[in-house]
Chemist: 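Following this message is one structure expressed as structure tokens.
Source: prediction; values computed, not measured.
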Amino acid sequence: MNQRNRWARIAPWLLTAALFLLAPLAPAEERPRVGLVLSGGGAKGMAHVGVLRVLEEMRIPVDLVVGTSAGSAVGALYASGMPVSDIEQRFIEMDWLSSFRDDPGRVYKPVRRKQDDWRFPVVPGIGVRADGLHLGGGLIAGQNLGFILNELTRNAALVEDFDRLPIPFRAVATDLETGEPVVIGDGNLSEAIRASMSIPGVYAPVEREGRLLVDGGVANNLPVSVARELGADVIIAVDITDSLMEADELGGAFSVVGQLTTIMTRRNTDQQLDLLADGDVLIRPDLEGYTSADFYDAPVLFELGASAAREHGVELRPLSVTRKAWAAWRDNVAARDDGANIVSRIEIEDSLRLARFRSDFLRERIRQRTGEPLDTEQLEADLKRIYGLGYYEIVSYSISSAPEGTILTVRVQEKSWGPNYLSFGLNYEDNFDGETRFNLASSLRITELNELGGEWQTGVQLGTEPWVRSQWYQPLDYGYERFLVLGGEYSRDTFSLFDAAGTRIAEVDVTFRQADLALGMEIGGNAEIRLIYARGYATVDEQIGQPVAPEGSVHQGGIALQLVHDSLDDTFFPRAGGFAGVRGRFEREGLGSDREFDSVTGLALGTESWKGLTLTGLLYAHAVTRGTPGIENAVRLGGFRRLSAYAPGEITGDNALMVSAYASQSFGGPLLPWFVGAGFEAGNAWPSLDAASWDSSVKSSSVFAGVDTFLGPVQLAAAYNNEDNWTAYLNIGFSFTQLFY
């Protein structure tokens, strides 16, 4: 750094220090009432934190805070007594991306929902009722955002009158029906922030006292008038409202929409700026080049806000107080512990359509008990699991004080577009050598069919591997610990058979039809066990090439016992967690089968990440322990991530074993993550697992790269086997759990 740049960086600090030493301090008894007004602006609102830091450096007490949108979030934390250093640290460490998702994480879903994830990963918020299709009120309901705000405002959770906060506070929202500003000065603090920052079309509106509230920037983005009405003598206003773009910058649809939004907020901001008086201070940080989505640039935004505040040191200096007065003020506004410990009562507030589908159902799934300290971590985990059931738009909580103690209120808001939901999926695999698989899938889930939460789900997949399944899921208790599943299924699979030299000798189409009944039980949050009886038949419809099986129908009938643990954090590209599944199948003539055999299938998968590096290990095994299962029950390996250097079905037999390991490194930002990696797979199919050995296994090494999308990773891969053969793949939507299900 040259000498000139060094002086340019430290000059504002020296100027602030000089002014602080030379200018007169305001006597405590004559100190004006200072109102801090913070505007909205998305991620750029973190510049407000830098301004707060300078106000504290200059010992300027703030007597009231008014904020809109992002300004309400920063202002509420400061008003609740949280130190500026803690606010900075929270914002740096925060998982901002999760605030723009409702799904609290796959780990909080029941196993039965996870089984559907790989086939129907796209859940766009479309509901079906007798009067047509219905959409959600916003792209994001704000479920995770609510948990984040609850955590940030925990110290003020029992404060219902915002004048009783360490610093009086107001949040500004907009009435969606009238467009009028709504000043929020009581109630739940996290809900007030949530309403103030509910961007229309992105976050669903917040219902409060019969009104639908959205982002306050629509009506009043810099609420100077509110601070004045609250009795502020001097206002420090921090304006981070976007500037209007020039004509040459309006080249696309997004820029035009952005300009229209800015026109609206800029207009009401300018009206508020006209209310500033001579003694007020207006701070406008230079945020050129930064957008409302730059949440991961927090340290830079802090400094830009601080630099802008220091440039106004001359105007701010008269508001400084003595060290003694500052210490007294600081002690008075320090964060207070409201003692929200022992829960005396638990209340359930809901907006459910079925009156019977209510508190028993919810209470059964909440482990918090009255007379015990509030366990926030456990409570949030329980609420996330309730949300993971898929019935609710919002599952939240608040605490309040009453004469008998602390009241815990759990609020659930049923999905406005329910109770019947559509989901979709796509799967594609091409090895650029004549093997292409393409499938489109859709599912309709009908819920709330009885007081215990019965569901009827029908899924259809069209493409290379047609599949239809319709099933009734019936819980046997409110906690869903025991359940029955009655279903019917149709599927058709086309696969090739190869000789020992790797030459395709036949292509076979097999159709499966079955009805099944299962009795199951959940084990904790991530495991379940099922006893299944299935009856149906398999038909070899067509054989091209060398005949390998008699054509016609083979009746199937048997019992299966299945145990599954699934704690993977993602269906397609897991970075943490594990999967373990084992299934024993017993086909008997007395149960309706033409064949008698026993088999065991197992899959174990573990994955862990560190600084973007993800390591995954997998073990798959299938063994016939008794009898002859027939070609319709043969295991088929080959294809992407199933011994990748071999064609689909090239490795076929009654018994199979595969071990594999993968390493990948993630790059890019949270909105467009991409990755590169390498893998190694070894395995084979044998007449008996007694014949399995490392020397008789085939090996496949691969390299891959891809982009993680809402459909699952889109990957390009190249694989090489120990027989000097290369294979390339384009794959969309592969899930390791497909090997088990």
Side-chain angles (χ1 to χ4, degrees), residues 101-121 123 143-144 352 357 360-367 378-395 410 412 414-415 418-421 423 425 443-459 469 471-487 516 518-532 562-572 574 576-583 603 605 735 737-738 740-741:
R101 291 194 303 252
D102 288 324
D103 190 344
R106 186 175 183 272
V107 70
Y108 293 104
K109 294 181 179 180
V111 172
R112 63 190 175 91
R113 291 274 189 263
K114 296 173 184 177
Q115 292 175 357
D116 296 334
D117 281 352
W118 69 272
R119 201 184 294 270
F120 310 112
V123 185
Q143 174 66 24
N144 284 344
L352 303 184
F357 192 47
D360 287 340
F361 171 81
L362 295 168
R363 287 180 186 276
E364 188 71 21
R365 306 186 76 86
I366 297 173
R367 290 172 288 176
Q378 175 183 275
L379 175 62
E380 291 194 356
D382 291 342
L383 298 187
K384 287 175 180 178
R385 292 195 184 281
I386 291 173
Y387 183 88
L389 295 172
Y391 302 140
Y392 306 110
E393 186 171 353
I394 291 290
V395 181
V410 175
V412 293
E414 202 167 42
K415 289 180 176 177
N420 312 315
Y421 310 101
S423 55
S443 168
L444 172 62
R445 182 162 53 91
I446 302 173
T447 71
E448 300 178 9
L449 294 176
N450 54 44
E451 62 181 359
L452 289 176
E455 297 181 9
W456 181 19
Q457 181 176 11
T458 300
R469 179 170 178 82
Q471 69 175 32
W472 180 282
Y473 171 85
Q474 180 58 58
L476 300 179
D477 54 57
Y478 286 112
Y480 282 15
E481 291 180 355
R482 292 169 293 276
F483 57 86
L484 283 172
V485 179
L486 175 64
D516 52 78
L519 173 64
M521 181 173 68
E522 287 187 356
I523 306 172
N526 292 314
E528 69 165 36
I529 186 170
R530 293 192 186 196
L531 179 65
I532 308 165
Q562 176 176 292
L563 175 64
V564 172
H565 167 88
D566 187 349
S567 59
L568 297 173
D569 66 340
D570 189 84
T571 303
F572 300 106
F579 179 95
V582 60
R583 178 172 56 249
L603 175 66
L605 171 71
S735 170
T737 59
Q738 293 173 237
F740 184 78
Y741 294 120

Chemist: Could you tell me whether the side chain of Ser423 reaches within less than 4.5 Å of the side chain of Arg445, counting heavy atoms only?
Modeler: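 The answer is no, as the side chains (C-beta and beyond) never meet within the 4.5 Å cut-off.
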
Chemist: Between atom CG of Asn420 and atom CD of Gln457, what is the distance when rounded to the nearest 0.5 Å?
Modeler: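 The CD atom of Gln457 is 11.5 Å from CG of Asn420, to the nearest 0.5 Å.
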
Chemist: Ignoring hydrogens and geometry, is there a side-chain-to-backbone donor-acceptor pair from Asp116 to Phe120 under 3.5 Å?
Modeler: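 Judged by distance alone, no pair lies under 3.5 Å.
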
Chemist: Where the side chain of Gln562 meets the backbone of Gly581, is there a donor-acceptor pair that is under 3.5 Å apart?
Modeler: no

Chemist: List the atom of Gln474, the atom of Gly454, and the distance in Å for their closest heavy-atom pair.
Modeler: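 It is OE1-CA, 3.9 Å.
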
Chemist: Do NZ/NE/NH1/NH2 and the carboxylate oxygens of Arg469 and Asp516 come within less than 4.0 Å?
Modeler: yes

Chemist: Is the Phe483 ring parallel, tilted or perpendicular to the Tyr473 ring (thresholds 30°, 60°)?
Modeler: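 The rings of Phe483 and Tyr473 sit tilted, inter-plane angle from 30° to 60°.
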
Chemist: For the pair Arg583 (side chain) and Phe740 (backbone), establish whether a donor and an acceptor sit closer than 3.5 Å, ignoring hydrogens and angles.
Modeler: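 The answer is yes, because a donor-acceptor pair under 3.5 Å joins these two groups.
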
Chemist: Is it the case that more than 12 heavy atoms not belonging to Trp456 sit under 6.0 Å from its CH2 atom?
Modeler: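 Counting neighbours around CH2 of Trp456, 12 or fewer heavy atoms of other residues, nucleotides or ligands fall under 6.0 Å, so no.
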
Chemist: Establish, for the pair Arg363 and Tyr478, whether the NZ or CZ atom is under 6.0 angstrom from the six-membered ring centre and no further than 45 degrees off its axis.
Modeler: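 Output no; distance or angle outside limits.
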
Chemist: Closest approach of Thr571 and Ser735, non-hydrogen atoms and distance?
Modeler: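 Shortest heavy-atom separation between Thr571 and Ser735 comes out as O-OG, 3.1 Å.
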
Chemist: Pro110 and Gly388: which non-hydrogen atoms are nearest, and at how many Å?
Modeler: CD-O, 3.7 Å

Chemist: Does the ring center of Tyr108 lie less than 6.0 Å from the ring center of Tyr387?
Modeler: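 Not under 6.0 Å, so no.
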
Chemist: Should Asp117 and Lys109 count as an ion pair when the cut-off is N to O under 4.0 Å?
Modeler: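 The answer is yes: the pair qualifies as a salt bridge.
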
Chemist: Quick one: does Ser567's side chain have a donor or acceptor within less than 3.5 Å of a partner on Val107's backbone?
Modeler: no

Chemist: Let me confirm one number: the NZ-OH distance from Lys415 to Tyr421, rounded to the nearest 0.5 Å.
Modeler: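 Interatomic distance, Lys415 NZ to Tyr421 OH, rounded to 0.5 Å: 5.5 Å.
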
Chemist: Looking at NE2 of His565 and CD of Glu528, how far apart are the two atoms once the value is rounded to the nearest 0.5 Å?
Modeler: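 If we round to the nearest 0.5 Å, His565:NE2 and Glu528:CD are 12.5 Å apart.
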
Chemist: Please name the pair of heavy atoms, one in Thr447 and one in Pro419, separated by the smallest distance, quoted to 0.1 Å.
Modeler: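 Scanning both residues, the minimum pair turns out to be OG1-O, 2.6 Å.
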
Chemist: Which of these, Arg106, Lys114, Arg113, sits in a side-chain hydrogen bond (donor to acceptor under 3.5 Å, both in side chains) with Asp566?
Modeler: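 One option only clears the test, and that one is Arg106.
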
Chemist: Please report the interatomic distance CE(Met521) to CD(Glu481), rounded to the nearest 0.5 Å.
Modeler: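 Here the rounded value is 8.0 Å.
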
Chemist: Which atom pair, heavy atoms only, marks the closest approach of Asn144 to Pro104?
Modeler: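 Minimum heavy-atom contact is OD1-CA, 3.4 Å.
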
Chemist: Are any non-hydrogen side-chain atoms of Asp477 and Leu452 less than 4.5 angstrom apart?
Modeler: no

Chemist: Please examine the side chains of Val485 and Ile532, heavy atoms only from C-beta on, and report whether any two atoms are closer than 4.5 Å.
Modeler: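 They are not in contact (no side-chain heavy atoms under 4.5 Å apart), so the answer is no.
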
Chemist: Using 0.5 Å steps for rounding, measure from the CZ atom of Arg367 to the CZ atom of Arg385.
Modeler: 7.0 Å

Chemist: Do you know the tightest heavy-atom contact between Ala518 and Arg530?
Modeler: CB-CD, 4.4 Å

Chemist: Could Arg112 and Glu455 be called an ion pair, given the rule that one side-chain N must be under 4.0 Å from one carboxylate O?
Modeler: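 Here Arg112 pairs with Glu455 in a salt bridge, since their nearest N and O are under 4.0 Å apart.
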
Chemist: Quick one: pull up CD1 in Ile523 and CG in Leu563 and give me the separation to the nearest 0.5 Å.
Modeler: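 Atom-to-atom, Ile523:CD1 and Leu563:CG are 5.5 Å apart.
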
Chemist: Consider side chain to side chain contact (heavy atoms under 4.5 Å, CB included). Of Leu362, Asp382, Leu383, which one does Val410 pass it with?
Modeler: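 Of the listed residues Leu362, Asp382, Leu383, the side chain to side chain contact (heavy atoms under 4.5 Å, CB included) partner of Val410 is Leu383.
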
Chemist: Name the residue from Ile529, Asn526, Leu603, Val111 that meets the side chain to side chain contact (heavy atoms under 4.5 Å, CB included) definition with Val564.
Modeler: Val111

